[in-house]
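A, B, ... follow the sequence lines: proteins, then strands. Residue 1 opens every chain.
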Number of protein chains: 2
Amino acid sequence: MEESERLRKQKELIEYIGIQHQREGYQPVAARIVGLLMVMDKEEYTFEEIVEEMQISKSAVSMALKNLEIRGMIEYVTYPGDRKRYFRFVSNRADGIFNEIQDKLKQNLETIRQIIELKKDPASRNAVFLKNIYKGMEFFARKMDDLKREYNSQQ
Amino acid sequence: MEESERLRKQKELIEYIGIQHQREGYQPVAARIVGLLMVMDKEEYTFEEIVEEMQISKSAVSMALKNLEIRGMIEYVTYPGDRKRYFRFVSNRADGIFNEIQDKLKQNLETIRQIIELKKDPASRNAVFLKNIYKGMEFFARKMDDLKREYNSQQ
DNA sequence: TTTTTGGTTCACAACAAAAAGAACCAATTT
DNA sequence: AAATTGGTTCTTTTTGTTGTGAACCAAAAA
């Protein structure tokens with residue numbers, strides 16, 4: 001593949017990742033910064049470089065970086081004698097994805113448990129359905145722990 | 001638990017489920033309708049009843065119901081000699097949740113594959129990290145099929 | 001001490017999303 | 001045929017989100 005085409009495709013991918021992340025609740029600027037840090041060959045961007053690369057105001061970048069850091073999506077490193085922060089995307093996202101799924105599952109489980117608990121008639125259509133869903137999700141959440149262990153030992 | 005307290009808690013739970021679903025990209029009204037249909041003891045609501053219960057305009061309800069139906073979150077039944085539609089939440093969400101997770105996982109896998117493919121240096125920090133993430137997610141996606149089969153046979 | 005660097009914070013404008021309300025429409029009832 | 005029911009659609013209003021630019025600030029350099 002030609003160098004210029006590769007770059008074009010990378011830029012395209014950044015936009016796509018941006019949209020994906022917006023669907024997960026990230027704001028537009030933040031979402032595209034994630035894409036930038038994942039896709040480009042340059043692996044550490046300073047604040048200024050991001051501002052320049054994305055053609056966006058300093059304040060927007062400042063906010064976005066703060067949010068992304070709080071959410072644990074990105075991190076920064078510093079170098080002695082250099083006041084700039086070098087942002088990069090965090091390393092251990094694999095674990096992160098497992099845990100995200102599991103957390104969400106657990107949260108949903110708890111909600112469903114509460115719904116069932118508050119039902120007047122435990123044999124009603126919805127109560128029965130919800131119990132089924134609960135069972136399925138619980139099974140899955142339990143198995144995830146095994147999978148995590150299996151994967152880690154396999155490494 | 002007292003009847004009135006149960007009702008209060010149910011209403012609270014509807015709001016909470018509303019917020020949870022908004023995080024998944026549902027609009028406010030739609031999100032709370034899902035809550036309503038999951039939580040309340042009454043299991044089938046007509047259009048009118050929803051309008052009344054939620055104190056919301058007909059147009060907002062009309063739009064929300066349409067969206068929820070398209071997304072497969074709710075369905076309606078009708079009864080002979082009755083022009084009204086009776087909305088309820090769909091029954092087989094357990095499968096749905098499995099599949100949602102798996103679909104998202106597959107989509108992410110494809111994106112990551114593309115990022116890696118476009119990297120100039122396959123030994124760079126990010127390329128290596130991404131390959132790791134890829135491996136983890138792939139392992140997990142593969143195992144999910146097994147889990148589904150295991151669960152279904154167990155039933 | 002003043003200036004520069006590397007940002008952050010705040011007020012506001014532009015835009016987008018959500019909800020309301022009115023008008024409308026097709027079936028059904030009267 | 002007229003009125004009612006069970007909604008839908010369109011326009012407007014309200015509300016919320018994004019991003020900008022200017023002012024500001026602390027640390028370092030001059």
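- Contacts of B:Tyr26 classified as ring-ring contact (aromatic ring centres under 6.0 Å, His included), with partners at least two apart in sequence or in another chain: B:His21.
- One atom, CD1 of B:Ile19, and another, C1' of D:dG16, lie 16 Å apart when rounded to the nearest Å.
- Judged by distance alone, the side chains of B:Lys119 and A:Gln10 never bring a donor and an acceptor atom under 3.5 Å apart.
- No more than 12 heavy atoms of other residues, nucleotides or ligands sit less than 6.0 Å from atom NZ of B:Lys104.
- Atom CD in B:Gln22 sits about 13 Å away from atom C1' in D:dT15, given to the nearest Å.
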For this session: Report, as a single string ordered 5' to 3', how protein heavy atoms within less than 4.0 Å touch nucleotides 2-19 of chain C: B base, S sugar-phosphate only, - not at all.
Result: ---BSBBBB-------SS
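- At whole-Å resolution of the value, CD1 in A:Ile50 and P in D:dG19 are 15 Å apart.
- Few gaps surround CD on B:Glu24; more than 12 heavy atoms of other groups in view lie less than 6.0 Å from it.
- Residue pairs meeting the ring-ring contact (aromatic ring centres under 6.0 Å, His included) criterion with at least one partner in residues 27-76 of chain A, sequence neighbours excluded, are A:Tyr76-A:Phe87.
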